[in-house]
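Notes follow the structure.
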Amino acid sequence: MKSSYRFRLLTFAATILLLCSAAVVAVTHAPTSAHAASVPTGLHVVGNQIEDGSGHVLVPRGVDRMGTEYACRAQGDPSDFDGPVDQASVSAMLTWDVNIVRVPLNEDCWLGINGEPANGKTAVQYQTDIINWVNLLNQNGLIVILDLHWNNSGTNPSIAQEPMPDLDHAPAFWTSVATTFKSNSSVLFDLYNEPYTTSWSCWKNGSTAASTSPCADVSFAVAGMQTLVNTVRATGATNILMLGGLAYSNDLTGWLANEPTDPDNNLVASTHIYNFNTCATISCWVAQIAPVAAKVPVLAGEIGENDCAHSFIDGLMSWLDAENIGYLAWTWTVVSGGCGTGPVLITDYSGTPTAYGAGLQNHLIGLAATGGPPPAVSLTSPTMGQSFTAPATISLTATASAKNSKTITKVE
């Protein structure tokens, strides 16, 4: 998402209708005590799945923990985090049965350029803080995704996300990050949060100057995904690399045709799915995501909804479970106004869920209690005229709403 308390106006046009063929009893799961486990190591891609070093298939499910993309440059904030990053806060995450946490990063703060980090802090301190946070998460059995979230070109400060990674600094950023974490196979690299160039050629190949083909809609020279893959691999890092598609990672239609070459064959397609995105219906997921997931692993790096409810992610998680696609929900951060401002999961760092967060909490605890997704049943949507599968014991809420457009906000 577009970070901190900044808002992005989007047009909402999404309708979802999910019908279950059997009666289901919804169960509310109370949080349990934290139970740290050994973190999976040796993560790598085999076909369209992620496996650990012992050959066990891994389907990551967890949360995005925002703050590290903006707190480092906040005036008057001595911390590089928005909220606590201690054992108690991690233990709260574990009560939700998450197994992965995504950590967004700021290009300037990591590299120590353009006057960042703020308040006399240094790049060394920012890097040390991130390393310590990753180590703590790993020590609690949690896989970590490191994500280039905020960036900019030249001397322009990284105060938001841009359409694409910048050629000026993004390769240096990933050279440094990959060198730092290349010995940690429990860390994934999300090469760029949410690309929104309109060109798949730009996405893959980048450009050498501002506003030039194939990146005519980007006002700076672009580091394409192939450049960043090459950059990471040049360090000797073999970590799994996540590559988000176009339209703020909501569009995967050109991903397979433009998949970069990776000598380690360790690429994962990343998608972001919110109730206000264009691809926010079962028919779109079947048409656009399922074909990619049949070829390479897909991971939904961000999911969420902005209505302080969870009916949308309930149906989405059920579909993703049936497709063996992992997902992380935005955002495990306390925000003034809670889920009334956007997809905010918690009201405090002890893990008390918002009305929206309760959906994720109950779903993940339910999966852990049963050892994973239950057997799938065939469901048919007469409105959409298609069949799909979803776990039999997961409640799918049937809702119908008029198709209309409205302006909404998305917190980050």
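- Put simply, CD1 on I143 and CG on L43 are 5.0 Å apart, with the number rounded to the nearest 0.5 Å.
- The aromatic rings of Y248 and Y196 lie parallel to each other, with less than 30° between the two planes, well short of the 60° mark.
- The OG1 atom of T352 lies 12.5 Å from the CG atom of L345; values are rounded to the nearest 0.5 Å.
- Side chain of N140 to main chain of L142: no donor-acceptor pair is present (N/O by atom type, distance under 3.5 Å, no hydrogens or angles).
- Looking at R73 and D108, no side-chain N of the basic residue comes within less than 4.0 Å of a carboxylate O on the acidic one, giving no salt bridge.
- Atoms CG and OG, on N239 and S186 in that order, are 9.0 Å from each other to the nearest 0.5 Å.
- Between the CZ atom in R233 and the CH2 atom in W174 there is a gap of 11.0 Å [rounded to 0.5 Å].
- Of the residues listed (D166, I113, L148, T231), the one engaging F173 in a side chain to side chain contact (heavy atoms under 4.5 Å, CB included) is L148, and it is the only one.
- When the options N152, N193, N151 are evaluated for a side chain to side chain donor-acceptor pair (under 3.5 Å) with Q161, the one that passes is N193.
- In this structure, Y70 and W150 have tilted ring planes: the angle between them lies in the 30° to 60° band.
- Using cut-offs of 30° and 60° on the angle between ring planes, the pair W96 and W332 is perpendicular.
- In this structure, D217 contributes its side chain and T198 its backbone to a donor-acceptor pair below 3.5 Å.
- The aromatic rings of Y274 and F276 sit parallel to each other, their planes meeting at less than 30°, with 60° as the upper class boundary.
- There is a side-chain donor-acceptor pair under 3.5 Å between H363 and D321.
- Atom OG1 of T95 and atom CD1 of I365 lie 6.5 Å apart (nearest 0.5 Å).
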